[in-house]
Amino acid sequence: MTDLLEDCRRTHYSKQIKPEMKDEDVVIMGWIHEMRDLGGIIFVLLRDRDGVTQVTAPSKKIEPELFEELKKLKKESVIAVKGRIQESAKAPGGVEIIPETMKLLSESKLPLPLDTTEKVRAEIDTRLDSRFIDLRKHSVSAIFKIKSRMLHSVRNFLESEDYTEINTPKLVGSATEGGTELFPITYFEREAFLGQSPQLYKQMMMASGFDNVYEIAPIFRAEEHDTLRHLNEVISIDVETAFTDDIDAMNILEKMVVKAITDVKEHCQDALNTLEFGLQIPETPFPRIEYDEMVEMVNNKGVKMEHGEDMSRAAEKVMGELMDGYYFITAWPTDIKPFYVQPSAEDPAKSCAFDLMYKDLEISSGAMRIHDHDLLVEKIKSKGLNPDSFNRYLAAFEYGMPPHAGWGVGAERFTMTMTGQKNIRETVLFPRDRRRLTP
RNA sequence: GCCCUGGUGGUGUAGGGGCUAUCAUGCAGGCCUGUCGAGCCUGCGACUCGGGUUCAAAUCCCGGCCAGGGCGCCA
């Protein structure tokens with residue numbers, strides 16, 4: 001099979017074929033999107049990465065053998081066609097290819113598990129079972145082109161701001177960070193866990209002299225949630241910066257968000273058009289609302305919320321109606337934030353923690369961290385955790401730890417806001433949720 | 001984990017104690033030289049699984065599994 005291609009190589013993608021190129025010979029390769037056999041003329045719609053090109057085969061104008069081969073083709077088979085570009089007002093896009101030779105590179109089995117032409121829509125569950133075919137739909141691949149560009153842009157931005165990319169372990173030895181449920185795994189003769197967050201590692205890096213670090217990597221949460229905005233494996237864009245506070249952290253986050261959106265809007269217009277999504281570049285600075293004020297806003301809208309509570313789903317929805325784009329919620333009560341969050345100097349009941357929201361969706365949370373060893377130990381105790389199990393982490397605070405701040409952005413939720421998706425599963429190639437572990 | 005709703009050809013659906021189980025798309029065959037959601041003709045293909053009620057269950061009841069929506073959980 002390896003010599004099937006021989007010296008045949010693609011010369012153009014569908015998108016590159018223009019009417020001005022008439023009479024040129026080209027080789028296109030891709031999947032058969034649709035076949036329209038009218039008897040004396042066959043139209044083969046050939047789909048590749050970015051578009052669809054019509055191959056037009058009139059029986060009188062091409063070799064009879066080629067005509068018969070084309071007649072036998074099946075949907076979603078992979079072919080290479082060499083042919084001449086013809087300008088035609090009757091063809092989609094004003095161009096078509098008159099075939100000279102055709103190679104069948106891979107024949108598709110039928111029936112298909114999904115309709116790639118989207119005449120009959122399929123449910124997300126069916127689509128995920130056959131994700132590789134689902135992704136052949138340009139309306140699906142567009143989401144991942146945007147996600148790719150967003151991640152690229154985030155890296156570019158952070159590198160330009162003098163950040164160093166780091167990699168921290170995803171196999172961790174203890175569940176002592178507290179809070180979320182962890183996935184236990186077998187690590188030789190011991191028990192270990194999948195990392196829920198690079199939090200403690202990126203803080204330890206603050207004692208290393210790198211100053212600005214970031215990591216883009218998966219995090220794992222063993223919560224049995226079953227919603228449109230939670231998954232058990234997601235990509236976290238994590239940042240930590242030394243000699244800074246929460247205000248600096250919010251500023252850099254805001255800058256990164258705008259930069260990524262601007263970049264996607266500039267480079268992914270085709271994908272955005274395919275999704276029919278009008279991406280708006282948000283204005284800066286993003287509104288900053290204190291927690292106390294938010295509680296008041298929620299209660300004024302008739303949704304009950306006690307001071308000191310975390311946001312309920314109903315509270316998030318109310319805020320989503322009141323605030324149209326991105327906004328920060330700041331000055332969270334220290335009590336409902338993790339042990340490493342710095343209490344405010346003026347009022348220790350308030351913290352230097354913030355959340356970045358997009359309408360009713362939490363995109364990021366961050367904070368200035370405690371860098372004082374003794375205060376940190378005290379906070380660990382007050383949360384009912386054992387400081388002994390944080391030995392290696394705490395040691396980093398004993399030999400010169402600068403003040404620092406950071407945040408983590410959920411890459412998939414961020415992608416949802418850039419693509420208009422309502423289900424987080426749409427933004428992951430092979431999502432892992434409560435029930436799904438394959439493919 | 002809780003509440004509500006559901007599971008019917010490959011895909012998406014209608015129906016709802018006894019029907020030849022609806023429609024679209026698809027697939028197979030036929031006709032057709034400008035299709036572009038091609039059209040027309042013929043055919044193919046389905047009641048989630050287990051138990052129960054009943055003369056009779058795809059339909060009613062119970063349970064499992066799975067899905068959709070909502071919530072909780074998510075330092």
Side-chain angles (χ1 to χ4, degrees), chain A residues 33-45 52-62 67 71-72 74-76 86 88-96 98 108-130 133-134 137 175-182 196-197 199-200 219-232 234 236 309-317 332 334-341 351 353 355 361-362 365-367 369 379-380 382-385 390 408 410 413 422-425 433-436:
Chain A
H33 190 60
E34 281 190 272
M35 292 278 298
R36 292 199 192 96
D37 180 354
L38 274 65
I41 186 166
I42 300 172
F43 300 100
V44 179
L45 300 180
V52 177
T53 295
Q54 176 166 292
V55 175
T56 302
S59 59
K60 297 266 172 59
K61 290 189 187 162
I62 67 166
F67 190 79
K71 211 178 181 67
K72 280 184 265 174
K74 293 173 176 178
K75 261 188 176 181
E76 294 303 321
Q86 186 169 80
S88 165
K90 287 179 278 187
V95 257
E96 60 194 359
I98 308 300
S108 175
K109 190 169 135 183
L110 295 174
L112 300 164
L114 288 175
D115 170 21
T116 49
T117 63
E118 298 186 71
K119 283 177 201 152
V120 181
R121 67 160 213 292
E123 290 186 8
I124 185 101
D125 202 49
T126 307
R127 291 170 45 209
L128 291 174
D129 281 339
S130 301
I133 294 182
D134 186 47
K137 297 184 270 190
T176 52
E177 288 172 41
T180 193
E181 293 294 318
L182 301 179
Q196 55 164 274
S197 157
Q199 180 63 30
L200 305 187
I219 57 171
F220 305 91
R221 307 241 160 137
E223 299 293 339
E224 296 192 1
H225 33 44
D226 210 351
T227 77
L228 299 179
R229 56 200 182 280
H230 292 274
L231 287 174
N232 298 290
V234 294
S236 176
E309 274 181 343
D310 208 340
M311 287 176 92
S312 66
R313 187 63 194 134
E316 286 181 339
K317 282 182 175 168
W332 286 78
T334 307
D335 282 353
I336 56 170
K337 284 291 169 182
F339 65 80
Y340 51 75
V341 165
S351 74
D355 280 3
L361 187 66
E362 183 188 328
S365 65
R369 329 295 192 184
K379 286 284 179 187
I380 288 172
S382 77
K383 291 278 175 188
L385 301 166
F390 291 89
R413 287 186 175 186
K422 298 212 158 42
N423 189 339
I424 194 167
R425 277 158 264 252
D433 63 26
R434 177 74 186 89
R435 297 193 176 91
R436 183 174 288 276

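Just so it is clear, the values below take in all heavy atoms, side chains as well, and ignore hydrogens, waters and symmetry mates. Quick caveat, the model's predicted, so the values are computed rather than measured. The sequence lines fix the lettering, A, B, ..., with proteins before strands; numbering per chain opens at 1.
Separating the P atom of B:G7 from that of B:C62 is a span of 15 Å, rounded to the nearest Å. Straight-line distance between the C1' atoms of B:U59 and B:C41: roughly 35 Å, to the nearest whole Å. Using atom C1' as the reference point in both B:C27 and B:A46, the two lie 15 Å apart (nearest Å). Rounded to whole Å, the C1' atom of B:U53 lies 16 Å from the corresponding atom of B:A58. When the P atom is compared between B:G17 and B:U11, the two are found 26 Å apart, to the nearest whole Å. Comparing B:U13 with B:U25, their C1' atoms sit 11 Å apart, to the nearest whole Å. Nucleotides B:A57 and B:C49 have their C1' atoms positioned 15 Å apart, rounded to a whole Å. When the P atom is compared between B:C60 and B:C23, the two are found 23 Å apart, to the nearest whole Å.
Residue A:Thr227 places none of its side-chain N or O atoms closer than 4.0 Å to OP1 or OP2 of B:C71. Side-chain N/O atoms of A:Arg434 include none lying less than 4.0 angstrom from OP1 or OP2 on B:C73. Contact annotation: A:Lys119 reaches the phosphate of B:G26 (side-chain N/O to OP1 or OP2, under 4.0 Å). Contact annotation: A:Arg121 reaches the phosphate of B:U13 (side-chain N/O to OP1 or OP2, under 4.0 Å).
Under a 4.0 Å N-O distance rule, the pair A:Asp115/A:Arg121 does not qualify as a salt bridge.
Atom CD in A:Glu76 sits about 19 Å away from atom P in B:G10, given to the nearest Å. Between A:Phe43 atom CZ and B:G39 atom P the separation is 14 Å, expressed in whole Å. For the pair A:Ile62 CD1 and B:G34 C1', the interatomic distance rounds to 15 Å; values are reported in whole Å. Here the P atom of nucleotide B:C73 and the CZ atom of A:Arg313 are 13 Å apart, to the nearest Å. Going from atom CD of A:Gln199 over to atom P of B:C74 covers 17 Å, rounded to whole Å. The nearest whole Å value for the distance from the CG atom in A:Asp226 to the P atom in B:C66 is 11 Å. The NZ-P distance, from A:Lys75 to B:A28, rounds to 10 Å in whole Å.
Using a 4.0 Å heavy-atom cutoff across all strands shown, A:Leu228 reaches sugar-phosphate atoms only and no base atom. Within 4.0 Å of A:Glu316, counting heavy atoms only, lies no atom of the nucleic acid at all. A:Asp310 comes within 4.0 angstrom of no nucleic acid atom, judged by non-hydrogen atoms across all strands. Residue-level contact check: A:Leu114 touches neither bases nor backbone, having no heavy atom under 4.0 Å from any strand. At the heavy-atom level, A:Lys317 lies under 4.0 Å from the strands shown only through sugar-phosphate atoms. If you check every strand for non-hydrogen atoms under 4.0 Å, A:Lys383 touches nothing. Residue-level contact check: A:Thr117 touches neither bases nor backbone, having no heavy atom under 4.0 Å from any strand. Residue contacts shown for A:Ala91 include a base, since a base heavy atom lies under 4.0 Å away. Counting non-hydrogen atoms under 4.0 angstrom, A:Lys90 reaches a base of the nucleic acid. Within 4.0 Å of A:Arg127, counting heavy atoms only, lies no atom of the nucleic acid at all. Using a 4.0 Å heavy-atom distance criterion, A:Pro113 is classed as a sugar-phosphate-only contact. Contact annotation for A:Ile42: no contact, since no heavy-atom pair falls under 4.0 Å across all strands.
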Exercise. Are A:Asp355 and A:Lys337 close enough, and set up right, to give a salt bridge (charged side-chain N to carboxylate O under 4.0 Å, His left out), and what steps lead you there?
Worked result: CA-CA 11 Å; A:Asp355 280 3; A:Lys337 284 291 169 182; 3.4 Å; yes
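One cannot find a donor-acceptor pair under 3.5 Å joining the base of B:G12 and the side-chain atoms of A:Glu118. Side-chain N/O atoms of A:His230 and base N/O atoms of B:C74 include a donor-acceptor pair closer than 3.5 Å.
Residue A:Arg434 holds its CZ atom at 3.5 Å from CD of A:Glu224, rounded to the nearest 0.5 Å.
Closest to the side chain of A:Ile41, out of B:U33, B:U11, B:A28, is B:U33.
Between A:Lys61 and A:Glu34, the residue whose closest nucleotide on RNA chain B is further toward the 5' end is A:Lys61.
Of the nucleotides present, B:G43 is the one that pairs with B:C27 by Watson-Crick or G-U wobble criteria, both distances under 3.5 Å.
A ring-centre distance under 6.0 Å is found for A:Phe390 and A:Phe339.
Ring planes of A:His230 and A:His225: parallel class, angle under 30° (limits at 30 and 60°).
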